[in-house]
Colleague: 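Can you read through this structure? Questions will come right after.
The shown structure was predicted, so the numbers you read here are calculated from the model rather than taken from an experiment. One-based numbering, in listed order, for ligands and for the atoms of each. Quick note: numbers below take in every heavy atom, side chains included, and nothing from hydrogens, waters or symmetry partners.
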Amino acid sequence: MPARFKTIIEPFRIKTVEPIRHTTREERLEALARAGYNLFLLKAEDVLIDLLTDSGTGAMSSRQWAGMMMGDESYAGARSFYKFRDAVHEITGFKHIIPTHQGRAAERILFGTALKAGDIVPNNTHFDTTRANIEYRGAIGLDIPIPEAHQPQLDHPFKGNIDLEKLEQVLKENGERVPMVMITVTNNSGGGQPVSMANIRSASEICHNHGVPLFIDACRFAENSWFIKTREEGYSDKTPLAIAQEMFSYADGCTMSAKKDGMVNIGGFLAMNNDELAGHCRNMEILGEGFPTYGGLAGYDLEAMAVGLFEALEEDYLRYRIRSVAYVGERMKVAGIPFVEPTGGHAVYIDAKTMLPHIPWHEYPAWALSLALYIEGGIRSVEIGSVMFGRQPDGSEKPAAMELVRLAFPRRVYTQSHVDYLTEVLDYVSQQRARIRGVKIVEEPPVLRHFSSRFAPAHGDIILPEA
Ligand SMILES: *Cc1c(COP(=O)(O)O)cnc(C)c1O
């Protein structure tokens, strides 16, 4: 596309529409109190623009819907499975492809098969379900991103990179306790930041020198490929598909939530080259997910994934997606809102620690900010901070590395005017920042507490009235 015109247009036409509902500020305050000040517990219809997650929330294409009509619902050996398997094989090159109902099922099968208590799994940054599944096995999820990852305002083209020196050190000192190393592309919990090809290649060399397999958490493999194409020397002429193929060539397997770059509402897979491990994983698959040619999915879901995985790699789509997220960052910069820079692939991450310095970590500044965005604008975001990561396996509590509010963009769902509305709300809430107050937890479950804890304002109100 020539650079003459600046307006970001969606590279698609809209064929089906779903109304969204305006609510008043009063209605939102009531809904929030009913939900225990937890945005996960809201009714979705009380949300105007839902940026809670980009997971499973995308719009499918006419080609995907057409594919679904071709779904083969045979219990075993369905045609749809082979179509799905061939698509995944073309992109990843892996020998064994095991469909699952979503990413965490792939994690549970892999870790249930390969980990034992006391093991260590290094990663640039584990996603919450990945960490939870590792810890459930009694193993340790070790986050070793490069040091730049912890400085929100520092610009770096590949802030998702894993720290190669630390990786080498862990493998040297504790190699026998490391059954696998993981790299998450893009690094979701670390700000949606990409990992460079050079970093993946070097990590792969280090792992293989120590005889340890490398698994990619591939949820956003297509977005990561786009960042490599546009930011890493030597890749500008390569297609996103060729880049993805090279990325996977350095790994021994992957876990995937197709609810992200698979462009589907449900689905995922586990893939690997090791025959023996794959055999064990297939047995676990039958135990929990289903026969290995459907893995917890309908035949039509496999068809939708087979098409969606390639649509995620289309250049027009990736250019529009990454550009519209960057646009939100540009507007936040103008509004003086601190965020993780540069903007990530699927989301922007507001740095609530810097934005709300008057709220201590144990009153959860990022949680409070996410509530304020809902109260003022009907926007649902998610906290990635001390509520999500503060509770330790031994029961103690400590502050998370960062206090972030993530605004994640569903794929092909919202238009440029929705994005403009969002930036207006962000600007307004930023102007009110001194009035925002923290929260306390009044009810907490034993694991993954952010999903179902109930909260209350720590100081009477989330947003104090104007003085
Ligand atoms: C979403 C996600 C997962 C888990 O996938 P689900 O489909 O939600 O179970 C794992 N890792 C990363 C990086 C993710 O973004």
Colleague: Please determine, by modelled atom types, if E311 and S61 share a side-chain donor-acceptor pair under 3.5 angstrom.
Modeller: yes
Colleague: Between E383 and H450, is the side chain to side chain donor-acceptor pair (under 3.5 Å) condition met? List the steps.
Modeller: CA-CA 8 Å; E383 188 248 29; H450 50 289; over 6 Å; no
Colleague: Considering residues at least two apart in sequence or located in another chain, which fulfil the side-chain hydrogen bond (donor to acceptor under 3.5 Å, both in side chains) criterion with Y320?
Modeller: none
Colleague: Run through ligand 1 for me and note each protein residue having a heavy atom under 4.0 Å from it, chain first, then residue number.
Modeller: Q102, G103, R104, E107, F127, T129, T130, T184, N188, D217, C219, R220, S257, K259, K260
Colleague: Can you give the donor-acceptor pairs under 3.5 Å from side chains of residues 142-151 to other protein atoms, not counting sequence neighbours?
Modeller:
{"unit_1": "D143", "atom_1": "OD1", "unit_2": "H126", "atom_2": "N", "d": "2.9"}
{"unit_1": "D143", "atom_1": "OD1", "unit_2": "R131", "atom_2": "NH2", "d": "3.2"}
{"unit_1": "D143", "atom_1": "OD2", "unit_2": "R131", "atom_2": "NH2", "d": "3.0"}

Colleague: Show me the side-chain donor-acceptor pairs of residues 268-276 shorter than 3.5 Å, one per line, residues at least two apart or across chains.
Modeller:
{"unit_1": "N273", "atom_1": "OD1", "unit_2": "K95", "atom_2": "N", "d": "3.0"}
{"unit_1": "N274", "atom_1": "OD1", "unit_2": "E276", "atom_2": "N", "d": "2.9"}
{"unit_1": "N274", "atom_1": "OD1", "unit_2": "L277", "atom_2": "N", "d": "2.9"}
{"unit_1": "D275", "atom_1": "OD1", "unit_2": "K95", "atom_2": "NZ", "d": "2.7"}
{"unit_1": "D275", "atom_1": "OD1", "unit_2": "H96", "atom_2": "NE2", "d": "2.7"}
{"unit_1": "D275", "atom_1": "OD2", "unit_2": "K95", "atom_2": "NZ", "d": "3.2"}

Colleague: Is any NZ, NE, NH1 or NH2 atom of the basic residue among K159 and E341 found under 4.0 Å from an Asp or Glu carboxylate oxygen of the other?
Modeller: no
